[in-house]
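Take a look at the structure set out below.
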Amino acid sequence: MTDTSPAFPVRERVERRLAKRYRAELRFRSAGLTAIAVAVTILCVLIGSIASEGVPAFTAHELVLPVSLDRDLVDPEGDGSEASLRRGSYNRVLQDALRAEFPEVRARGDVRTLFSLYTPLNATRLMDAVLHDPTLIGTEYVFTMPLADDLDLYLKGRLVEDRTLPVSGELSVTPGEDGLVLRSSTSAFAPLIVELGQAMGTEARILELRAEQLREAADQGPLEDAPRLREEADRHARGAAAFRQRALAEDGFLPVSTEMPSLIVEVDGQAFRLTNLAVDGSMAHGTALLGNGEIDDASAWTLYVIDTPEARRRVPDQLIVWTRSLVQRDLIRAGFNTYLFTNADSREPELAGVKGALYGSILTMIITMFLSVPIGVFTAVYLEEYAPKNRFTDLIEVNINNLAAVPSIVFGLLGLAVFINAFGLPRSAPLVGGLVLSLMTLPTVIIATRAALKAVPPSIRQAALGIGASKTQSVFHHVLPLAAPGILTGSIIGLAQALGETAPLLMIGMVAFIADAPSLGLAGFTEPATVMPVQIFLWSDGAERAFEARTAAAILILLALMISFNAVAIYLRRRFERRW
């Protein structure tokens with residue numbers, strides 16, 4: 001039976017209106033959840049990209065080298081004094097130890113390349129070890145030092161594209177007129193012929209396209225640039241023609257230049273770089289990179305291909321072969337990168353660490369915390385509980401709110417003009433950095449403290465006054481303890497923001513290269529230092545590729561510090577929070 005009462009249309013309209021409202025609320029909640037999901041996704045992608053780049057920096061490959069600490073080299077005076085030990089030839093000790101691992105290296109250029117396996121700065125570390133324990137003199141000491149940054153990246157698979165091809169049959173190596181002759185019983189080099197031909201054709205086509213672009217630029221650009229562009233275009237065209245000529249292999253051999261992938265044969269602890277290949281794939285010519293002996297019908301051998309041409313990378317084939325040999329001898333080991341946390345900044349990426357910046361950040365934040373928090377809290381207490389409401393206090397409140405919105409670099413200019421130029425405080429010191437960051441953090445602490453004080457119910461104050469407490473007693477015994485969670489949260493968040501600031505510190509000279517960490521004492525507040533954000537800025541501008549991973553690693557360390565600050569704020573808020 002249908003309801004025909006007059007109230008039915010009204011009820012139907014109300015139900016439709018409610019259904020529409022529920023649908024609108026559902027859309028709003030869906031939009032909110034979608035926004036949260038998008039924000040979390042972006043955050044995960046950001047942190048994931050930083051982590052993928054920075055995690056390799058937390059590991060390092062070290063060269064474990066037995067060194068002979070001859071007394072004549074490390075103690076030239078022979079009296080064992082510190083002055084004599086400091087004049088020792090520790091770099092010569094490392095060089096002799098490395099040459100002992102590769103006695104076949106005699107040419108001056110090859111010896112210089114061999115020594116680039118490590119940075120000479122490690123000689124200072126060896127000297128420190130001898131100074132710490134002089135009984136090492138005259139003994140054989142196993143010294144551990146970081147591998148050169150480019151070779152470390154190579155072993156992590158982040159420098160070149162390489163692969164090992166399967167081979168079969170026996171290999172023999174004999175001297176010939178054009179160098180060493182490598183013969184395979186199964187034409188194992190045949191697959192490389194097709195690859196090299198395709199690579200030469202691709203390289204020729206790239207050079208031809210560049211030549212065409214340069215000719216178009218010469219025709220359309222300024223007349224004064226046309227001769228240079230046409231000359232460069234002709235050079236590219238000649239290079240393309242040379243590649244196509246090589247691909248014809250008119251003499252039965254296909255040459256392998258430095259613009260092509262490197263082909264290396266490894267057999268019986270020796271390594272040979274192929275310089276040309278016979279078109280039938282059964283024979284190749286090459287030069288010895290490791291060892292120089294003859295090989296008779298070896299069945300266990302490998303063909304190692306570096307797809308990144310030698311002309312396009314900083315590490316030559318020779319260094320790669322020596323590095324692979326040291327790995328096989330267990331003289332190169334991978335482990336946790338302690339240098340990242342125990343060293344200060346360095347021009348060499350493998351020795352660069354965050355210790356100096358971390359100590360500088362700690363000292364700077366101590367100054368910031370002990371200045372901004374007490375001053376900010378007491379200022380907020382006065383303005384909220386004691387100050388009369390008049391034009392003067394209104395002007396102060398407006399200025400505090402405006403200061404919270406001032407760009408941070410303005411505080412840096414203020415610190416440069418006042419603390420350094422006027423007061424003569426030392427440049428690039430944690431003391432000045434802490435003063436500048438204190439000025440920047442004060443408005444945040446004041447605003448957060450006032451908000452926490454306002455959140456305390458007026459009945460708390462009235463009850464305290466009602467039982468005979470003074471104004472000061474009611475504020476410090478009742479209001480402040482209840483507002484403590486909000487005050488601590490605002491203060492810690494303000495300090496965390498100061499920890500991540502860079503611009504104001506750049507203005508007071510904390511962008512300088514600091515090779516030694518400041519001391520964690522009173523003297524450290526006036527010693528030259530830098531902070532974590534500035535260290536990240538400096539490393540991001542580094543020329544070496546290894547600084548990219550260290551930049552990301554320093555960002556992860558800074559993020560960990562920021563998360564720790566916020567975790568402490570959450571804990572303190574819950575620890576002191578009271579409900580009424």
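Model, not experiment: these values are computed from the prediction.
The ring pair (Phe, Tyr, Trp, His ring centres under 6.0 Å) test applied to His61 returns no partner, not counting sequence neighbours. Scored by the salt bridge (charged side-chain N to carboxylate O under 4.0 Å, His left out) test, Glu527 finds no partners at all (sequence neighbours excluded). Applying the side-chain contact (heavy atoms from CB on, under 4.5 Å) test to Ala148 and every residue at least two apart in sequence or in another chain returns Leu151. In this structure Thr119 satisfies the side-chain hydrogen bond (donor to acceptor under 3.5 Å, both in side chains) test with no other residue, sequence neighbours excluded. Looking at residues two or more places apart in sequence or on another chain, you find a salt bridge (charged side-chain N to carboxylate O under 4.0 Å, His left out) between Asp96 and Arg92. Legend: residues meeting side-chain hydrogen bond (donor to acceptor under 3.5 Å, both in side chains) with Asp150, ordered by chain and number and at least two apart, are absent. Shown here are the salt bridge (charged side-chain N to carboxylate O under 4.0 Å, His left out) partners of Asp234, two or more places apart in sequence or in another chain: Arg215. Partners of Asp162 by side-chain hydrogen bond (donor to acceptor under 3.5 Å, both in side chains), not counting sequence neighbours, listed by chain and number: Tyr304. A search for ring pair (Phe, Tyr, Trp, His ring centres under 6.0 Å) contacts involving Phe336 returns Phe341, not counting sequence neighbours. For Asp219, the salt bridge (charged side-chain N to carboxylate O under 4.0 Å, His left out) partners two or more places apart in sequence, or in a different chain, are Arg230. Residues that satisfy the side-chain contact (heavy atoms from CB on, under 4.5 Å) test with Ala554, not counting sequence neighbours, are Val354, Met532, Ile536, Trp539.
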Go through Glu350 and Leu147 one step at a time and tell me if the side chain to side chain contact (heavy atoms under 4.5 Å, CB included) criterion holds. CA-CA 7 Å; Glu350 63 269 26; Leu147 199 62; over 6 Å; no
Side chain to side chain contact (heavy atoms under 4.5 Å, CB included) between Thr174 and Arg183: does it pass, once the steps are laid out? CA-CA 9 Å; Thr174 57; Arg183 289 186 174 87; 3.7 Å; yes
Worked verdict on Met507 versus Val436 for side chain to side chain contact (heavy atoms under 4.5 Å, CB included): CA-CA 10 Å; Met507 301 304 302; Val436 172; over 6 Å; no
Trace of the side chain to side chain contact (heavy atoms under 4.5 Å, CB included) decision for Val256 with Thr275: CA-CA 5 Å; Val256 183; Thr275 55; 5.7 Å; no
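A donor-acceptor pair shorter than 3.5 Å can be found between the side chains of Ser262 and Asp317. Using modelled atom types and a 3.5 Å distance limit, the side chains of Arg329 and Ser325 yield a donor-acceptor pair. Using modelled atom types, one finds no donor on one side chain facing an acceptor on the other under 3.5 Å when comparing Asp110 with Gln318. For the residue pair Ser346 / Glu348, no side-chain donor-acceptor distance below 3.5 Å is found, with atom types taken as modelled.
Ala515 and Ala344 get closest at one heavy-atom pair: O-CB, 3.2 Å. Shortest non-hydrogen contact noted between Arg244 and Gly201 is NH2-O, 4.4 Å. When all heavy atoms are compared, the tightest approach of Leu171 to Ile295 is O-CG2, 3.9 Å. The nearest pair of heavy atoms linking Trp301 to Ser168 is CZ2-O, 4.0 Å. For the pair Gly169 and Thr186, the tightest heavy-atom approach, listed with the atom from each and the gap, is CA-CG2, 3.6 Å. The minimum heavy-atom distance between Leu331 and Pro66, with the atom names listed, is CD2-CD, 4.5 Å.
Side chains of Leu538 and Phe547 form no contact here, defined as non-hydrogen atoms less than 4.5 Å apart. Residues Asn122 and Pro146 form a side-chain contact, since some pair of their non-hydrogen atoms from C-beta on lies under 4.5 Å apart. Residues Lys156 and Thr59 form a side-chain contact, since some pair of their non-hydrogen atoms from C-beta on lies under 4.5 Å apart. In this structure, Leu358 and Gln535 have side chains that are not in contact, with every pair of non-hydrogen atoms separated by 4.5 Å or more. No side-chain heavy atom of Leu303 sits under 4.5 Å from any side-chain heavy atom of Thr164. The closest side-chain heavy-atom distance from Phe272 to Leu263 is not below 4.5 Å. Leu159 has its side chain out of reach of Arg313: every pair of non-hydrogen atoms, C-beta onward, lies at least 4.5 Å apart. A 4.5 Å side-chain heavy-atom check between Leu180 and His285 finds every atom pair outside the cut-off.
Counting only distance, with no hydrogens or angles, the side chain of Thr530 and the backbone of Val534 share no donor-acceptor pair below 3.5 Å. Listed for the Asp345 side chain is no donor-acceptor partner under 3.5 Å among the backbone atoms of Phe513. Of the possible polar contacts, none joining the Asp149 side chain to the Ala546 backbone as a donor-acceptor pair under 3.5 Å is found. Side chain of Asn421 to main chain of Leu416: a donor-acceptor pair is present (N/O by atom type, distance under 3.5 Å, no hydrogens or angles).
Note: Met283 CE to Leu274 CG = 11.5 Å, rounded to the nearest 0.5 Å. In this structure, the separation between CD on Glu101 and CG on Leu326 is 7.0 Å, given to the nearest 0.5 Å. Between atom OG1 of residue Thr144 and atom CG of residue Leu126 there is a gap of 11.0 Å, rounded to the nearest 0.5 Å. Taken to the nearest 0.5 Å, the CG atom of Leu214 stands 11.5 Å off from the CG atom of Asp225. Atoms CG and CG, on Asp268 and Asp296 in that order, are 10.0 Å from each other to the nearest 0.5 Å. Remark: Glu203 CD to Phe243 CZ distance equals 4.5 Å, nearest 0.5 Å.
Other residues, nucleotides and ligands contribute at most 12 non-hydrogen atoms within 6.0 Å of the CZ atom of Phe537. Residue Arg108 qualifies as open at atom CZ: its count of foreign heavy atoms under 6.0 Å is 12 or below. Within a 6.0 Å radius of CG in Asp516, no more than 12 heavy atoms belonging to other residues, nucleotides or ligands are found. Counted within 6.0 Å of CD on Glu224, heavy atoms from surrounding residues, nucleotides or ligands total more than 12; the atom is thus considered enclosed.
Applying the salt bridge (Lys or Arg N to Asp or Glu O under 4.0 Å) test between Glu53 and each of Arg550, Arg158, Arg545 identifies Arg158 as the sole match.
We find that Arg228 and Glu231 are not joined by a salt bridge, their nearest charged nitrogen and carboxylate oxygen being 4.0 Å or further apart. Using a 4.0 Å cut-off between charged side-chain N and carboxylate O, Arg324 and Glu266 make a salt bridge. Taking the charged nitrogens against the carboxylate oxygens, Arg273 and Glu310 do have a contact shorter than 4.0 Å, which makes a salt bridge.
Among residue pairs with one or both ends in residues 86-124, those qualifying as ring-ring contact (aromatic ring centres under 6.0 Å, His included) are Phe102-Trp322; sequence neighbours excluded.
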